[in-house]
Novice: 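Please find one structure pasted underneath; my questions will follow.
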Amino acid sequence: MADATARPATPLNLLVYGINFWPELTGVGKYTGEMCRWLADHGHAVSVVTAPPYYPAWKVGKGYQQHAYQSETWTTVASVHISRCPLWVPASLSAVRRILHLTSFALSSLPTLWRQLRRRPDVLMVIAPTLFVVPAALLLARLYKVPTWLHVQDFELDAMFGLVLGGANGILQKTALAAESSLLGKFDRVSSITPKMVDRLAAKGIPSLRCSVLPNWVDLAAVFPLTGDNPFRQELGIDPDDVVVLYSGNMGEKQGLELLIDAAHALRQHPRLRFVMAGDGSVRQRLQQAAAGLQRMTWLPLQPADRLNDLLNAADIHILPQRADAADLVMPSKLTGMLASGKPVLGTAAADTQLGQVLQTVGWRVEPGNSQAIADALEGMAADPDARRRRGQLGREYAAQHLALHPIMQRLNAELSALARSNAAAVG
């Protein structure tokens with residue numbers, strides 16, 4: 001729990017604007033929620049303009065309305081005030097449907113954003129995805145002289161052209177990326193989650209003095225190595241000698257999970273390997289169809305936060321597949337919990353990517369796009385428990401040194417305060 005007595009010298013009024021938020025359990029919504037909760041619990045007044053939770057199931061959560069405005073207060077130590085705006089959630093995804101989905105939130109949230117900015121918060125923080133909200137956010141922030149911070153979790157346009165539109169290289173792509181660079185350059189502060197993603201910001205023309213690294217984090221008190229019998233393994237009837245390969249999180253296009261299914265087929269005669277797939281997403285049904293006949297593969301729904309540590313500790317090996325064309329466009333948010341659990345991680349990534357560099361230091365890495373390499377690596381890891389234990393310990397140490405929640409939030413707190421002070425001095 002946050003230390004409620006640790007108050008900033010000057011509490012800020014902060015407005016956070018993004019399509020994903022608590023109580024979403026994975027991805028951007030999870031991290032934006034944890035950030036807002038920490039800032040509120042440490043003395044700031046935090047308001048959020050967002051959509052109803054819908055990710056990763058692509059279905060609006062129970063108790064929320066897709067087509068109505070809603071307000072709520074999330075109270076932990078302190079309170080976060082949330083304004084939910086309507087959005088269209090497609091039943092199936094395509095490039096056009098995704099654009100319409102994002103546009104629906106950009107339009108519906110505009111009146112709420114305007115009302116919030118009229119109150120002159122000290123800082124507006126916009127979370128990308130989605131860039132569709134950026135033009136109006138910048139215009140209104142300039143109107144009311146509110147400093148702006150953009151935090152980039154995914155390079156949305158790069159990923160869209162690379163993953164969804166198949167690398168289309170024409171006037172549409174060039175125009176969109178030029179507009180993106182122009183918009184990014186208008187923010188007072190721009191951050192992203194890895195050094196290589198910040199380098200990509202610089203390549204898009206953002207001055208380095210305005211860029212910073214704000215990595216995704218993990219609460220080391222909430223995710224930690226466990227000893228003794230694991231409740232998930234007991235519930236699933238997993239033999240103590242079985243080697244559990246766990247994937248937990250979003251099941252979408254950029255994960256490249258088809259490779260894991262292919263590797264499981266190649267290992268279907270292995271006497272000890274057991275696969276557990278926990279999560280939800282746009283490709284889950286397709287993956288389950290591809291996994292038909294795999295007797296040693298178990299499918300679980302996305303687990304609530306209070307069961308996450310038990311789930312992560314049920315693994316002997318965490319698996320983190322990633323498509324090659326997603327390299328350094330996104331950094332898998334699920335990696336933080338995997339490392340903090342003290343269990344080893346096998347991932348697919350090129351050696352020169354941020355993910356590849358981390359895996360080579362504390363886990364195992366294979367080249368993306370090669371299901372047989374995944375199968376071979378899993379077979380070798382299954383046979384070497386001592387190596388798994390050592391790599392798991394290295395992962396936990398890495399998480400403690402680089403990904404701990406409180407030091408990251410304290411740096412963010414200092415930078416937000418500096419931005420607010422600089423703006424106050426500039427506007428007199």
Side-chain angles (χ1 to χ4, degrees), residues 1-24 28-53 64 69-85 109-128 133-134 136-151 153 187-191 212 214 217 219 405-428:
M1 179 178 292
D3 179 5
T5 65
R7 294 290 185 243
T10 305
L12 301 177
N13 290 311
L14 301 172
L15 178 60
V16 177
Y17 184 31
I19 194 170
N20 298 105
F21 192 64
W22 170 88
E24 291 179 351
V28 177
K30 171 185 180 293
Y31 286 101
T32 306
E34 291 176 358
M35 176 188 73
C36 290
R37 184 179 65 186
W38 192 97
L39 291 168
D41 288 351
H42 286 76
H44 300 298
V46 181
S47 298
V48 181
V49 176
T50 188
Y64 293 89
Y69 290 91
Q70 296 175 278
S71 297
E72 62 181 305
T73 299
W74 178 25
T75 301
T76 55
V77 174
S79 296
V80 177
H81 301 285
I82 307 166
S83 299
R84 307 267 183 188
C85 304
S109 61
L110 184 55
T112 303
L113 178 67
W114 172 64
R115 287 194 297 271
Q116 293 284 353
L117 284 172
R118 285 180 63 191
R119 301 172 183 172
R120 298 283 304 275
D122 294 302
V123 177
L124 167 65
M125 176 177 271
V126 179
I127 309 296
V133 305
V134 162
L138 284 170
L139 179 64
L140 289 171
R142 289 286 177 88
L143 177 64
Y144 293 109
K145 296 182 173 58
V146 176
T148 53
W149 182 316
L150 177 69
H151 181 54
Q153 284 276 1
F187 281 86
D188 298 297
R189 194 78 180 163
V190 185
S191 59
S212 60
L214 176 60
W217 51 83
D219 186 345
L405 168 66
H406 296 294
I408 293 171
M409 287 294 98
Q410 286 163 353
R411 292 197 299 271
L412 171 63
N413 183 38
E415 291 193 39
L416 286 168
S417 297
L419 178 58
R421 287 195 303 270
S422 176
N423 183 72
V427 299

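Keep in mind that this is a model prediction, so the values were computed, not measured. The first residue of the sequence shown is numbered 1, and numbering continues consecutively from there.
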Novice: Between Glu34 and Lys30, is the closest basic N to carboxylate O distance under 4.0 Å?
Specialist: yes
Novice: Judged by modelled atom types alone, do Trp38 and His406 share a side-chain donor-acceptor pair under 3.5 Å?
Specialist: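 There is such a pair between these side chains.
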Novice: When you measure from the side chain of Arg84 to the backbone of Thr50, do you find a donor-acceptor pair of N or O atoms at a distance under 3.5 Å?
Specialist: no
Novice: Compare every heavy atom of Val49 with every heavy atom of Ser109, then report the nearest pair and how far apart it is.
Specialist: CB-CG1, 4.1 Å
Novice: Please report the closest heavy-atom contact between Pro147 and Asp122, naming both atoms and the distance.
Specialist: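 What the structure gives for the nearest pair is CG-O, 2.9 Å.
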Novice: Assess the residue pair Tyr31 and Ile127 against the criterion (side chain to side chain contact (heavy atoms under 4.5 Å, CB included)); give the C-alpha distance rounded to whole Å, side-chain angles, the decisive distance to 0.1 Å, and a yes or no.
Specialist: CA-CA 10 Å; Tyr31 286 101; Ile127 309 296; over 6 Å; no
Novice: Among Val126, Leu416, Leu124, whose side-chain contact (heavy atoms from CB on, under 4.5 Å) with Trp149 holds?
Specialist: Leu416
Novice: Can you measure from CG (Leu140) to CZ (Arg118) and round to the nearest 0.5 angstrom?
Specialist: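 The CG atom of Leu140 sits 11.0 Å away from the CZ atom of Arg118.
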Novice: Any chance you could measure Trp114, atom CH2, to Leu143, atom CG, to the nearest 0.5 Å?
Specialist: 10.0 Å
Novice: For a side chain to side chain contact (heavy atoms under 4.5 Å, CB included) check, start with the C-alpha distance between Trp22 and Val48, then their side-chain angles and the critical distance, and finish with the verdict.
Specialist: CA-CA 10 Å; Trp22 170 88; Val48 181; over 6 Å; no
Novice: Using the side chain to side chain contact (heavy atoms under 4.5 Å, CB included) rule, take Val133 and Ile19 through it: C-alpha gap first, then chi angles, then the decisive distance, then the call.
Specialist: CA-CA 9 Å; Val133 305; Ile19 194 170; over 6 Å; no
Novice: Atom OH in Tyr69, atom OG1 in Thr112: separation rounded to 0.5 Å?
Specialist: 5.0 Å
Novice: Any donor-acceptor pair under 3.5 Å linking the side chain of Asp41 with the backbone of Ala78?
Specialist: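 Judged by distance alone, yes, a pair lies under 3.5 Å.
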Novice: Going from CG on Leu419 to CZ on Arg189, what distance comes out if it is rounded to the nearest 0.5 angstrom?
Specialist: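 The distance works out to 8.0 Å.
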Novice: Are any of the side-chain heavy atoms of Met35 and Trp217 separated by less than 4.5 Å?
Specialist: yes
Novice: Quick check: does any side chain N or O of Asn423 sit under 3.5 Å from a backbone N or O of Lys145, one acting as donor and the other as acceptor?
Specialist: yes
Novice: Can a donor-acceptor pair be found, under 3.5 Å and without considering hydrogens, that links the side chain of Ser417 to the backbone of Asn413?
Specialist: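 Present.
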Novice: So which heavy atom on Glu72 is nearest to which on Tyr64, and how close?
Specialist: OE2-CE2, 3.1 Å
Novice: Would you compute the distance between atom OG of Ser47 and atom CG of Leu14 and round it to the nearest 0.5 angstrom?
Specialist: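 So the gap between those two atoms works out to 8.5 Å.
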Novice: So how far is it from Ser191 OG to Leu412 CG, rounded to the nearest 0.5 Å?
Specialist: 7.5 Å
Novice: One pair to check against side chain to side chain contact (heavy atoms under 4.5 Å, CB included): Met409 and His42. What are the steps and the verdict?
Specialist: CA-CA 10 Å; Met409 287 294 98; His42 286 76; over 6 Å; no
